Amino acid sequence: MKSFNLALVVVMLAVAPACGGDDQNGSDGGNGNDTGSDSPSANDSGGNDSGTDGSAVQKANYGSVIFSHTQTKTGQTTSDAYTAIAGFFATPDGGAGGGGGCAGTQSGSCCFVPPSQADGGTTGSATAVSAGGITAKDGSATIATLTPTGTSYAPVADPPTSSLTWNAGDMISVTAAGDTVHAFNGSVAAVALFAGVTPALSPLQQTVIPRSSDFTLTWTAGTGAITVTVSALKVASSEGVITCSASSDTGTMVVPHDLLQNFSAGDTGYVTLGRTISADASSDNATVTLETGTSMGGSAAFQ
């Protein structure tokens with residue numbers, strides 16, 4: 001059984017310039033900090049902000065094609081949702097990328113960003129451009145066709161598009177006909193769903209997180225980069241977001257207590273775990289990232 005929640009599409013790969021699975025225990029959602037599949041934005045060029053970190057002279061354009069697979073278990077029913085999205089932009093300021101690093105407080109691989117800086121301190125200023133029609137294949141089978149309307153690409157989802165499906169480890173190949181972004185092609189491996197997540201993450205049952213000790217999240221290690229986000233709310237107001245990142249998947253992430261102290265006892269919030277695999281498919285005039293990803297999340301309560 002397959003199901004689709006468009007909210008998942010707008011999550012996975014918008015890693016905020018400030019830092020920055022499968023849902024085995026319930027549906028993804030919560031506060032939108034899911035990292036399973038986010039539409040490319042003017043501040044991103046994929047999950048790792050490839051080509052926009054200011055470390056080198058940028059090409060005239062940048063963007064990404066992103067594939068997401070999430071899974072929801074409700075009782076005895078398992079539902080899968082697949083999405084494919086794309087977005088391309090002219091690089092602002094003639095190629096000067098934005099700064100990277102933590103815009104808040106850094107501790108190890110984690111960054112706390114207070115509410116006033118939760119947007120990363122940047123606003124989208126890039127102009128959307130087109131790369132022409134995009135075809136995605138799993139082996140010889142076409143699984144998705146993304147056709148721009150002007151410079152915008154609508155997401156493709158399964159359901160209802162039954163052809164959009166793949167297995168972990170499959171190589172998804174992508175070919176773009178070219179437009180302002182010149183023709184490109186490449187391939188990326190499909191990421192595996194999460195398994196063995198401890199403590200279990202569920203939107204229906206809160207994970208209790210003591211602020212006086214480190215919070216450790218473990219799972220069965222796989223291939224890909226990992227992002228864990230922990231957000232908190234006091235009544236309806238944000239208390240900020242902690243983002244922890246790792247370039248390789250060791251099956252564990254520790255959120256340090258010194259950052260958790262920024263939240264208050266009695267706060268509620270959300271924990272999101274995301275895994276991505278990225279590949280480069282750049283053309284002569286654009287930095288292009290191909291990415292597959294998965295995420296899962298659950299509600300939290302802080303003590």
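A quick note: this is a predicted structure, and the numbers were derived from the prediction, not measured. All residue numbers refer to positions in the sequence shown, counting from 1.
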Shortest non-hydrogen contact between D280 and S282, atoms and distance:
OD1-OG, 2.6 Å
Note, T276 side chain near V191 side chain (heavy atom, < 4.5 Å):
no
Atom pair OG1/CD1 of T216 and I209 - distance to nearest 0.5 Å:
10.5 Å
Residue pair E239 / P115: nearest heavy atoms and the distance that separates them:
C-CG, 3.6 Å
Heavy-atom side-chain proximity of V288 to F88 below 4.5 angstrom
yes
For the residue pair Q71 and T78, establish whether any side-chain heavy-atom pair is separated by less than 4.5 Å.
yes
Are T180 and N61 packed together at the side-chain level, in the sense that at least one heavy-atom pair is separated by less than 4.5 angstrom?
yes
Counting heavy atoms not belonging to K137, are there more than 12 under 6.0 Å from its NZ?
no
Shortest non-hydrogen pair, A131 vs F184, comes out as CB-CE2, 3.9 Å
What's the spacing between D158 CG and S163 OG if we round to 0.5 Å?
7.0 Å
Among T198, T252, D249, exactly one meets side-chain hydrogen bond (donor to acceptor under 3.5 Å, both in side chains) together with W219. Which residue is that?
D249
Euclidean distance, S212 OG relative to L260 CG, rounded to 0.5 Å:
9.5 Å
In this structure, CD of Q303 is separated from CZ of R211 (nearest 0.5 Å) by 9.5 Å
Would you say S202's side chain and L204's backbone share a donor-acceptor pair under 3.5 angstrom?
yes
Test side chain to side chain contact (heavy atoms under 4.5 Å, CB included) applied to L259 and T105, step by step
CA-CA 8 Å; L259 296 186; T105 302; 3.9 Å; yes
Can you find a heavy atom in the side chain of S109 that is under 4.5 Å from one in the side chain of M253?
yes
Does a donor on one side chain sit under 3.5 Å from an acceptor on the other, for S107 and D258?
yes
Trace of the side chain to side chain contact (heavy atoms under 4.5 Å, CB included) decision for V228 with T272
CA-CA 6 Å; V228 172; T272 305; over 6 Å; no
Can you name the closest pair of heavy atoms from I242 and C110 and give their distance?
CG2-CB, 4.2 Å
Does one side chain, of S130 or D179, offer a donor that lies under 3.5 Å from an acceptor on the other?
yes
Taking it one step at a time, do T292 and I66 satisfy side chain to side chain contact (heavy atoms under 4.5 Å, CB included)?
CA-CA 6 Å; T292 64; I66 300 165; over 6 Å; no
Indicate whether any N or O donor in one side chain lies under 3.5 Å from an N or O acceptor in the other, for S299 and Q205.
no
Are R275 and F194 in a cation-pi contact, defined as NZ or CZ under 6.0 Å from the six-membered ring centre and within 45° of the axis?
yes
I'd like to check T165 versus I143 (side-chain heavy atoms, cut-off strictly below 4.5 Å). Are they in contact?
no
C244-C111 sulfur separation below 2.5 Å?
no
So which atom in F302 and which in S264 form the shortest heavy-atom distance, rounded to 0.1 Å?
CB-O, 3.9 Å
S283/K59 under side chain to side chain contact (heavy atoms under 4.5 Å, CB included): CA gap, chis, key distance, verdict:
CA-CA 9 Å; S283 66; K59 293 184 178 182; 6.0 Å; no
Between Y82 and W166, how do the two ring planes meet: parallel, tilted or perpendicular, split at 30° and 60°?
perpendicular
Is there side-chain contact between F215 and T207, with heavy atoms separated by less than 4.5 Å?
yes
How many angstroms lie between atom CD1 of I226 and atom OG of S245, to the nearest 0.5 angstrom?
10.0 Å
So, does N285 use its side chain to make a donor-acceptor pair with the main chain of H182 at under 3.5 Å?
yes
Shortest non-hydrogen pair, V156 vs L164, comes out as O-CD2, 3.4 Å
Are V65 and I134 packed together at the side-chain level, in the sense that at least one heavy-atom pair is separated by less than 4.5 angstrom?
yes
Check T83, T294, D80 against H69 for a side-chain hydrogen bond (donor to acceptor under 3.5 Å, both in side chains) and give me the one that passes.
D80
